[in-house]
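Below, read A as the first sequence line, B as the second, and so on, with proteins coming before strands; counting in each chain starts at 1. Heavy-atom basis, side chains included; hydrogens, waters and symmetry copies ignored.
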Amino acid sequence: MIDIKLLRDDPDRVRASQLARGEDPGIVDAILAADERRRSSLGEFESLRAEQKAVSKDVGAAMGAFQRAKKAGAPDAEHLEAVAHAARTKAAHLSDQVKALEANADEAGAELERLLRKVGNVIIEGVPTGGEDDYVVLETIGTPRDFAAEGFEPLDHLALGERLGAIDMERGAKVGGARFYYLTGVGALLELAVLNMAMAQATAAGFTPMITPTMARPEIMLGAGFIDAHADEVYRLEADDLYLTGTSEVALAGYHADEIIDLSAGPKRYAGWSACYRREAGSHGKDTRGIIRVHQFHKVEMFSYCRPAEAEAEHERLLAWEREMLAKIEVPYRIIDTAAGDLGSPAARKFDCEAWVPTQGKYRELTSTSNCTTYQARRLGTRERDPNGSGTRTVATLNGTLGTTRWLVAILENHQQPDGSVVVPQALRPFLGLDVLEPIA
RNA sequence: GGAGGCGUCGCAUAGUGGCCUAGUGCGCCCGCCUGCUAAGCGGGUUGAGGAUAAAACCUCUCGCGGGUUCAAAUCCCGCCGCCUCCGCCA
């Protein structure tokens, strides 16, 4: 959720952000009007409520005086009872009015909230305008191998995986249906090696390693921003009113929900290891071969809580850690700055690292790092003591990928040899215990 | 799945319908006093929202959400969380 104060103080900035995202800028005025209504109805309710409280207190005092007089057999007991009764009648009358005004104010508040939720995070200056195809390539690292010059046709990751005894899609489908798979033998070991390397790097960089819940309650899911926009993407467990999370970002964002955290020593950084579940509802027919797009995979995710002023610098740091990981698997990749219309609603800016996939002749996403500024934390109630004064203020949250099952695709394809073997990148060898993966059939 | 217990300010506790504006102790912060420290004394110390130039001020907040009542920490209903025991279980 965006900051209503920003919207009041600088509505043009929010309008511009909406336009860049290809969304309705008119909602800004609707929100300002709803805000006005909420504040005036709240004022009406609160002042009458104050009066009601005062009168009600008089009732208490009058009742007390009457009871004492009655006990003592005082002659004015009857009179006191009448006084108490009159006060009670007045309070009862006020009570009805207060209830109506409160309902009014609640409704105005709910309407404001409903409108506010529809607005995506205000984008950071410099984010490209437009949709999915309007990204800007910031940098291209490494050069794709020339397989023609090497004299052989590269196999795709599934063909390689099957020869290596690393991937079994058929049995995956037998058990879980389409987009399920088994990682077997060196495949299973390779995934563990990638994820362990990611955890080791993160831990060395000062992240707290975490293994997180993969189910979350609706309010956490909503707070992290995964219900409004991604509702179709998410598995929901009807019987228990829980969601299967598509990333440990959900659990790491929820970790400090409704807390006041201490950032005086710098950002709090967590590296979450988890299974991830995605319905892939909107992608029928896309990437149906192999493990590029699957319903379940594993991921190591960086998550950072920092001060808002530091968020952009922290975003650069997360990107640098992603680059460090990508360098370790020695594949060509590029970095793109995602266009505004392709950002999730919590993100104010997003950088993806895309690895070269030789058999597709394309770069495919391996990592994604988003700066959510205060958008996620505001919904989740994660604040810090305001260092410049009294009270609290909302913190910024950021996330970024360090390794996933999909990385196997890039590793297998880019490091394959004419005989169907795959050379293991140097940095990965200590985690895998093998220098070369050899075909078994 | 069944039975029971519990949830109050950072922590510990008091409070079972109206002098509760939630008391007390500890911790923490500010000040006083004091060779230093400790003790002592005085004050402050949940969070959210509204109002304001800023305040004073007002509303809400006793796990969460409803309800009863003129009035709810207190009574009723639902939910969440934690604990104990029984049952079941890869």
What does the list of N/O pairs under 3.5 Å between the protein and nucleotides 70-72 of chain B look like, with a distance for each?
unit_1, atom_1, unit_2, atom_2, d
B:C70, O2, A:Ser56, OG, 3.4
B:A71, OP1, A:Ser95, OG, 3.3
B:A71, O4', A:Ser56, OG, 2.9

Hey, what are the protein-to-nucleotides 73-75 of chain B N/O distances that come in under 3.5 Å?
none

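Rounded to whole angstrom, the span from the CD atom of A:Glu259 across to the C1' atom of B:G63 amounts to 15 Å. The interatomic distance linking A:Ile4 (CD1) with B:G50 (C1') rounds to 14 Å, in whole Å. Put simply, CZ on A:Arg385 is 13 Å from C1' on B:A48, counting in whole angstrom units. If you measure from atom CG of A:Asp258 to atom P of B:U46, you get 18 Å, rounded to the nearest angstrom. As rounded to whole Å, 11 Å separates atom P of B:G65 from atom CG of A:Asp106. For A:Leu242 and B:C80, the CG to P distance is 10 Å, given to the nearest whole Å. The CG-C1' distance, from A:Asp35 to B:A51, rounds to 14 Å in whole Å. With rounding to whole Å, A:Ile220 atom CD1 is found 12 Å from B:C80 atom C1'.
Comparing B:G18 with B:A71, their P atoms are spaced 14 Å from each other, to the whole Å. Comparing the same atom, P, in B:G65 and in B:U74 gives a spacing of 13 Å after rounding to whole Å. For the C1' atom pair drawn from B:C64 and B:C86, the interatomic distance equals 29 Å after rounding to whole Å. Taking the P atom of each, B:C70 and B:A22 are spaced 23 Å apart, rounded to whole Å. As rounded to the nearest Å, B:A12 and B:G66 have P atoms that lie 28 Å from one another. To the nearest whole angstrom, the two C1' atoms, one in B:C33 and one in B:A38, are 13 Å apart. Remark: the separation of the C1' atoms in B:C82 and B:U8 is 16 Å, to the nearest Å. Look at the C1' atom in both B:G49 and B:G42: the space between them is 33 Å, to the nearest Å.
Side chains of A:Gln18 and A:Arg15: no donor on one and acceptor on the other come within 3.5 Å. A:Thr373 and A:Asn121 share a donor-acceptor pair across their side chains, judged by distance under 3.5 Å alone.
Here the straight-line distance linking atom CG of A:Leu408 with atom CZ of A:Arg406 works out to 11.5 Å at 0.5 Å rounding. A distance of 4.0 Å separates CD of A:Glu249 from CZ of A:Phe226, quoted to the nearest 0.5 Å.
A:His298 places no side-chain N or O within 3.5 Å of a backbone atom of A:Trp273 that could act as its donor or acceptor partner. Looking at A:Glu322, its side chain does come within 3.5 Å of a backbone N or O of A:Thr401 through a donor-acceptor pair.
The pairing partner recorded for B:U74 is none, the criterion being a Watson-Crick or G-U wobble arrangement whose two distances lie under 3.5 angstrom. Across all strands shown, B:A3 pairs with B:U84; the Watson-Crick or G-U wobble distances both stay below 3.5 Å. The partner of B:A38 is absent, by the rule that a Watson-Crick or G-U pair needs both atom distances under 3.5 Å. Across all strands shown, B:C79 forms a Watson-Crick or G-U wobble pair, both distances under 3.5 Å, with B:G63. Across every strand in view, B:U21 sits unpaired, with no contact that passes the Watson-Crick or G-U test at under 3.5 angstrom. For B:U45, the paired nucleotide is B:G27, the pair qualifying as Watson-Crick or G-U wobble because both relevant distances are below 3.5 Å. Across all strands shown, B:A51 remains unpaired; no Watson-Crick or G-U wobble contact has both distances below 3.5 Å.
A:Leu402 is not listed as a side-chain neighbour of A:Phe207, based on a closest heavy-atom distance of 4.5 Å or more. Taking 4.5 Å as the limit, every side-chain heavy atom of A:Met302 sits out of range of all side-chain heavy atoms of A:Gln201. Looking at heavy atoms from C-beta onward, A:Trp321 lies out of side-chain contact with A:Met325 at the 4.5 angstrom threshold.
Not one side-chain nitrogen or oxygen of A:Lys53 sits closer than 4.0 Å to the OP1 or OP2 atom of B:C58. Contact annotation: A:Arg38 does not reach the phosphate of B:G49 (side-chain N/O to OP1 or OP2, under 4.0 Å). Taking 4.0 angstrom as the limit, A:Thr392 places a side-chain polar atom (N or O) nearer than this to OP1 or OP2 of B:A48.
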Item to complete: Begin with the C-alpha distance, continue with both residues' side-chain angles, and end with the deciding distance and a verdict on side-chain contact (heavy atoms from CB on, under 4.5 Å) for A:Ser370 and A:Gln376.
Response: CA-CA 11 Å; A:Ser370 293; A:Gln376 242 178 8; over 6 Å; no

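Between A:Arg39 and A:Arg217, the residue anchored closer to the 5' end of RNA chain B is A:Arg39, taking for each the nucleotide with the nearest heavy atom.
A parallel orientation is assigned to the rings of A:Phe351 and A:His315, their planes being inclined by less than 30° (bins at 30° and 60°).
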